[in-house]
Amino acid sequence: MLKPLGDEALKLLAFGSLPRSYKPRQALFEVGDDADGAVLILGGQVRLVSPAQSEGPQVVGVGYLLDGLALVVPARRSMSAVAQTSCEVLALPRDQMHRILDEFPETAEILRAQLARKTLSMIEEVNALRDRLGGPPPTRD
């Protein structure tokens with residue numbers, strides 16, 4: 001999600017971010033918490049537990065962006081995150097991202113297009129699942 005941002009915009013986002021450190025087994029956040037932005041893992045590993053994960057927890061590390069969509073829209077945490085090891089993260093606030101998108105409208109358009117593609121892809125996946133399960137056809141309004 002951060003790839004469309006140029007170097008200058010990334011520097012501004014990093015400048016407005018909040019560095020945080022966590023000890024092993026310390027919670028970063030819980031599923032359902034208000035998300036005021038995303039979290040970028042800079043060091044260590046984080047265990048993600050989602051109510052929807054049937055295969056169990058997932059462990060992620062450096063460079064992983066948690067709840068990236070919360071950078072642009074109000075959201076709740078979609079999973080719980082617990083430090084697996086000592087961790088360093090950057091909390092990337094939504095309000096800082098909004099200021100950046102205001103200053104870089106071409107980046108905002110690239111991000112909008114990226115989100116639109118992801119949304120359409122998700123709709124296609126839901127429709128395919130509905131078809132496999134024999135659900136009713138979509139309604140057209």
Side-chain angles (χ1 to χ4, degrees), residues 1-133 135-141:
M1 179 159 203
L2 299 177
K3 288 180 184 177
L5 300 178
D7 289 345
E8 190 174 346
L10 282 173
K11 286 177 188 175
L12 288 172
L13 184 59
F15 181 74
S17 67
L18 307 167
R20 295 191 176 143
S21 298
Y22 294 90
K23 296 176 183 172
R25 296 180 299 288
Q26 187 178 3
L28 282 69
F29 50 79
E30 298 290 329
V31 66
D33 288 351
D34 285 332
D36 59 355
V39 176
L40 179 64
I41 301 172
L42 298 177
Q45 294 182 325
V46 174
R47 182 172 27 95
L48 305 177
V49 180
S50 171
Q53 286 179 332
S54 58
E55 65 275 354
Q58 174 186 9
V59 177
V60 296
V62 176
Y64 195 87
L65 184 67
L66 304 171
D67 285 331
L69 190 57
L71 273 174
V72 291
V73 296
R76 295 205 178 273
R77 296 291 180 198
S78 59
M79 68 201 86
S80 295
V82 178
Q84 184 85 9
T85 64
S86 294
C87 292
E88 301 295 325
V89 304
L90 278 181
L92 308 172
R94 181 182 320 108
D95 60 346
Q96 178 71 9
M97 183 65 160
H98 284 187
R99 284 192 290 275
I100 290 167
L101 294 176
D102 286 342
E103 287 186 40
F104 299 92
E106 66 285 349
T107 300
E109 180 55 31
I110 292 169
L111 186 57
R112 186 209 59 78
Q114 180 184 26
L115 290 172
R117 282 190 305 275
K118 285 184 179 184
T119 301
L120 289 174
S121 175
M122 189 182 333
I123 290 169
E124 289 173 2
E125 289 175 21
V126 168
N127 285 338
L129 179 61
R130 181 206 61 235
D131 292 345
R132 280 199 321 264
L133 296 176
T139 59
R140 305 267 183 218
D141 291 336

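Below, each value reflects all heavy atoms present in this structure, side chains not excepted, and no hydrogens, waters or symmetry copies. None of the values given here were measured: they were computed from a predicted structure.
Side-chain contact between Val59 and Val46 is absent, with no heavy atoms from C-beta onward closer than 4.5 Å. Looking at heavy atoms from C-beta onward, Leu92 lies out of side-chain contact with Val39 at the 4.5 angstrom threshold. A heavy-atom distance below 4.5 Å is found between the side chains of Tyr64 and Gln58. The side-chain heavy atoms of Glu88 and Tyr22, taken from C-beta on, include no pair separated by under 4.5 Å. Looking only at side-chain heavy atoms (C-beta outward), Glu103 and Ile100 stay at 4.5 Å or farther from each other. Considering only heavy atoms from C-beta on, Leu69 stays 4.5 Å or farther from Arg94 through its side chain. Looking at Asn127 and Arg132, their side chains never come closer than 4.5 Å, going by heavy atoms from C-beta outward. Proximity of Val60 to Gln84: side-chain heavy atoms (C-beta onward) are nowhere separated by under 4.5 Å.
For the atom pair CG of Leu90 and CG of Leu13, the computed distance is 8.5 Å after rounding to the nearest 0.5 Å. Taking CZ of Arg20 as the reference point, atom CD of Gln26 lies at 11.0 Å (rounded to 0.5 Å). Between the CD1 atom of Ile41 and the CG atom of Leu28 there is a distance of 7.5 Å, given to the nearest 0.5 Å. Here Phe29 contributes atom CZ and Asp34 contributes atom CG; the two are 12.5 Å apart, rounded to the nearest 0.5 Å.
The two atoms that bring Ala70 and Gly37 nearest to each other are CB-O, 3.5 Å, heavy atoms only. Between Val49 and Pro57, the closest heavy-atom pair is CG2-CB, 4.0 Å. Of all heavy-atom pairs between Gly63 and Leu40, the closest is O-CD1, 3.7 Å. Contact detail for Ser78 and Pro51: the closest heavy-atom pair is O-CD, 4.0 Å. Nearest heavy atom pair, residue Ala38 against residue Gly68, reads CB-CA, 4.0 Å. The minimum heavy-atom distance between Val62 and Leu42, with the atom names listed, is CG2-O, 3.5 Å.
Asp67 and Arg77 are joined by a salt bridge, as a carboxylate oxygen and a charged side-chain nitrogen come within less than 4.0 angstrom of each other.
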For this session: Dump the intermediate steps for salt bridge (charged side-chain N to carboxylate O under 4.0 Å, His left out) on Lys11 and Glu8, then the final yes or no.
Result: CA-CA 5 Å; Lys11 286 177 188 175; Glu8 190 174 346; over 6 Å; no
Exercise. Which is it for Thr85 and Gln45 under the side-chain hydrogen bond (donor to acceptor under 3.5 Å, both in side chains) test, yes or no, and what are the steps along the way?
Worked result: CA-CA 6 Å; Thr85 64; Gln45 294 182 325; 5.2 Å; no
For this session: Run the numbers on Gln96 and Arg99 for side-chain hydrogen bond (donor to acceptor under 3.5 Å, both in side chains), then give the verdict.
Result: CA-CA 5 Å; Gln96 178 71 9; Arg99 284 192 290 275; 2.8 Å; yes
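Judged purely by atom type and a 3.5 angstrom limit, Ser121 has no side-chain atom pairing as donor or acceptor with the backbone of Lys118.
Residue Asp95 qualifies as enclosed at atom CG: its count of foreign heavy atoms under 6.0 Å is above 12.
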